Number of protein chains: 2
Amino acid sequence: MAIKGNLIIGQSGGPTAVINSSLAGAFEAAKAAGVKKIYGMHYGIEGFLNENIIDLKKELKDSADVSLLRRTPSAFLGSCRYKLPKIEGNEEVYEKIFSIMEKYDIQYFLYNGGNDSMDTVKMLSDYAEQHGKTQKFMGIPKTIDNDLPITDHCPGFGSAAKYIATTLKEVIADAECYGPYRTSALIVEIMGRHAGWLTAAAALGGNKPDLIYLPEVSFDPKDFVKRVKEITKKKSSVVIAVSEGIKLANGEFVSAQGADAKKDAFGHTQLSGVGDYLANMLTAEAGIKARAIEFSTMQRCATHVVSKTDSDEAYNAGYMAAQKALEGCTGEMVVIKVESRAPYVTSYSTFDIHEVANVERTVPLEWITNDGTYVSDEFIEYAQPLIEGEIDAYYSKGVPQHLTLSE
Amino acid sequence: MAIKGNLIIGQSGGPTAVINSSLAGAFEAAKAAGVKKIYGMHYGIEGFLNENIIDLKKELKDSADVSLLRRTPSAFLGSCRYKLPKIEGNEEVYEKIFSIMEKYDIQYFLYNGGNDSMDTVKMLSDYAEQHGKTQKFMGIPKTIDNDLPITDHCPGFGSAAKYIATTLKEVIADAECYGPYRTSALIVEIMGRHAGWLTAAAALGGNKPDLIYLPEVSFDPKDFVKRVKEITKKKSSVVIAVSEGIKLANGEFVSAQGADAKKDAFGHTQLSGVGDYLANMLTAEAGIKARAIEFSTMQRCATHVVSKTDSDEAYNAGYMAAQKALEGCTGEMVVIKVESRAPYVTSYSTFDIHEVANVERTVPLEWITNDGTYVSDEFIEYAQPLIEGEIDAYYSKGVPQHLTLSE
């Protein structure tokens, strides 16, 4: 292929533990193809609009840097939450983006993110087509939520799921330590406001929490208390995995139920998570000692316990996006197809960004079992391969080492 | 030495990531010395009183089992929170314990725990002395809180500190991902109700959170808000490590301040942590977007990221306790002395349990700096060696494998 100019890559939205592996893949593909300048957007399209541009060949001087990059959490380039306005009536934003691209002779534009970020790729490739621009725009999938359509699954999900399965296994063991001498319930609150993929991951790795509640089906508080009470008749430690986004039958978030009434001594509204809310409910209504744990942002940034499968797929998706752009492909996102789940074999292709952008994929209802309180073996067969394999962190001073921007 | 009978070991109090390494050490010392029966208490002294006794040679059949035991979180034998009553007027409890010991010909009794558990060792050795009993009682130190006196530091602390330093490094990177485009504060709530050792660990591994608040000095909410505001003038991401146990100048827990007023829609009292409370305060009083993360029980059970130094010291403390008991030592706890911090060299001895039981050691005030908002280099020199070194987990199905009781 004939290289027509320089390449840029941006990272967008909430980070994942492997978003930098996609950056590594895109960089190495562009470098292998002989691209002269390989740029990074400092803080995504938002930084790009301010011409905050990073020279990646200066940051990634050798393969040791790339290796460390793949062990670095958060977005190495910085990220943003910035949605491009619609083209009509906002042409000046688009003109600015294309003028900066022309200034730096950027012909290839890769954007790594979730649903909203794929919208950026769609808008820019649409604008290019409408205005006879020749630049190529490719999307690289990334989200811990696993809610992008078309692709079998999404880079970032496997590592978050591995963190959840690993940590849940440890906290279940911890919760059981007093055995029959103490009855208690532990609510583990997991990310995923609309899609329950991550919460379902509580069942991976051979873990068996007692109940799993996803946002795809409505949550019945009375039934919940009744079930936990029943379980405590048979075992003393009850562990419940719950999505932050579970809703009542009327569609309201369970987490919003307490908010009105909760003011602290200074009159501040106290927002607490659904886990705390349900723990308090168990104690108040069933007299069960209960507490909540949130996996918070750890589930997306715990690069020290990354899935090798996921990290490699993120790398491949980045590599493939750069290759395809350099071949002239535009307005598409890289997708992963699983050819076989056992043994686990995948292939990569690309798909029209218009079918991907702004579409949210949730857990199939037939994978949610026991009246909405567990997940099926089909889910486990689907997700189990995605958490397998490990990548050793590089430790120094007792903590994993990370690559940081020189500038 | 002449072995006079069998040995038993119990685990007590909240688990640590390396409590099972002490069990491994005690077991291997007893086995090497030729002890016939090596027992474990199932759920500590509470289970022992019900004659819940485990035959450890059946559970730990070979060195592979011991190796996996050292990678197992929580208390392998099960734990308890049970404090022996005072001897006078409660002789029947003591008679029962000694009669069970005699039934199983247990001459050596090891107990692994924190302040309260060392009280158990003290009471039993006192009773033995008062009643002319020949059994030997030894304490093995264990607490993530690092608040046992005499010993330089306590097995369990190093691994919890390593988890905190590792995870904090990851969440700081995550929090910074939007750079100058978003100002926000992150409160990280860390365990330690009376002693700030674990919260101080936020400064290890080269981490530099902006503020660190320990329970040893009183917390001034007004000054806190003012300092965070000042910091946001210079940087967009502010990270604050705070002990769950910080108190106002009047001695009240900060975490208790909101509780009265917080009721949810069903009238349940909502308890939330000090992190949530301070995050809400920052938002309400300074308009700073703020959120809280709690490391919860993960900081004591994350055996997948254990400190090798700590694990080895836990093993050695268990080994030494068994050796000393077999030599006839009683009413003492194993203590660690640091001969040199660089290079890190330690020695082990034992100390009168009466000087240890129920005594709580806090962070020296001279190690708390900047008007109570940071820790000194002396603390870092003290604690840094304790988090160093790693032990690979044994992964299968994408998650670390653990040893479980056969019965």
Side-chain angles (χ1 to χ4, degrees), chain A residues 15 42-43 46 73-75 78-81 162 165-167 169-171 173-174 176-179 181 204-207 257-258 260-266 268-272 276-277 280-281 284 293-294 296-298 300-305 307 384 387-388 390 395 397-400 402, chain B residues 15 43 46 73-75 78-81 162 165-167 169-171 173-174 176-179 181 204-207 257-258 260-266 268-272 276-277 280-281 284 293-294 296-298 300-305 307 384 387-390 395 397-400 402:
Chain A
H42 202 186
Y43 306 112
E46 194 168 15
S74 189
S79 188
C80 70
R81 290 196 177 278
K162 185 189 189 78
T166 292
T167 306
K169 185 168 182 172
E170 292 173 337
V171 299
D174 181 272
E176 288 173 345
C177 80
Y178 301 115
Y181 295 97
L204 298 178
N207 283 332
Q257 297 311 298
D260 281 353
K262 283 184 287 165
K263 301 261 185 191
D264 70 14
F266 299 104
H268 307 148
T269 299
Q270 292 283 75
L271 292 174
S272 67
D276 283 328
Y277 179 76
N280 285 322
M281 182 186 286
I293 285 179
E294 276 185 70
S296 307
T297 52
M298 284 87 90
R300 75 179 187 205
C301 70
T303 304
H304 77 274
V305 61
S307 154
Q384 181 62 42
I387 70 167
E388 298 198 1
E390 291 72 45
Y395 281 89
K397 294 183 83 174
V399 298
H402 304 152
Chain B
Y43 306 112
E46 194 168 15
S74 189
S79 188
C80 70
R81 289 197 177 280
K162 185 188 189 78
T166 292
T167 306
K169 186 168 182 172
E170 293 173 336
V171 299
D174 182 271
E176 288 173 343
C177 79
Y178 301 115
Y181 294 96
L204 298 179
N207 284 331
Q257 296 311 298
D260 282 352
K262 283 185 286 164
K263 300 263 185 191
D264 70 14
F266 299 103
H268 308 150
T269 298
Q270 292 283 76
L271 292 174
S272 66
D276 282 329
Y277 179 76
N280 286 321
M281 182 187 285
I293 285 178
E294 275 186 69
S296 307
T297 52
M298 285 88 89
R300 75 178 186 205
C301 70
T303 305
H304 76 274
V305 61
S307 153
Q384 180 62 42
I387 71 166
E388 299 199 0
E390 290 73 43
Y395 281 90
K397 295 183 83 174
V399 298
H402 304 151

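All values below come from the heavy atoms of this structure, side chains included, with hydrogens, waters and symmetry mates left out. All figures in this text were calculated on a predicted structure; none of them were measured in a lab. Below, chains carry the letters A, B, ... as their sequence lines are ordered, and counting in each starts from 1.
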Colleague: My understanding is that only residues two or more places apart in sequence, or in another chain, count here; which of them pass side chain to side chain contact (heavy atoms under 4.5 Å, CB included) with A:Ser296?
Modeller: A:Glu294, A:Met298, B:Ile293

Colleague: Which answer fits B:Ser307, side chain, backbone, both or neither, if we ask what part of it has an atom under 4.5 Å from a heavy atom of chain A?
Modeller: neither

Colleague: For residues B:Ile387 and A:Val399, determine if any side-chain heavy atom of one lies less than 4.5 Å from a side-chain heavy atom of the other.
Modeller: yes

Colleague: Output yes when a side-chain donor or acceptor of A:Glu170 lies under 3.5 Å from a complementary backbone atom of B:His304, and no otherwise.
Modeller: yes

Colleague: For the atom pair OG (A:Ser79) and OH (B:Tyr178), what is the distance rounded to the nearest 0.5 Å?
Modeller: 5.0 Å

Colleague: Quick check: closest heavy atoms across B:Asp174 and A:Pro15, and the distance to 0.1 Å?
Modeller: OD2-CG, 3.7 Å

Colleague: Chain B heavy atoms under 4.5 Å from A:Glu46: which part of the residue, side chain, backbone, both or neither?
Modeller: both

Colleague: How close do B:Gly398 and A:Thr166 get, counting heavy atoms only, and between which atoms?
Modeller: O-OG1, 3.8 Å

Colleague: Heavy atoms only, distances under 4.5 angstrom: which of A:Gly206, A:Ala75, A:Gly179, A:Gly78 has the most pairs with chain B? Name it, please.
Modeller: A:Gly179

Colleague: In Å, rounded to the nearest 0.5 Å, how long is the span from CZ of B:Arg81 to SG of A:Cys177?
Modeller: 7.5 Å

Colleague: Once side chain to side chain donor-acceptor pair (under 3.5 Å) is applied, do any residues pair with B:Glu390, and if so which ones, sequence neighbours excluded?
Modeller: B:Lys162

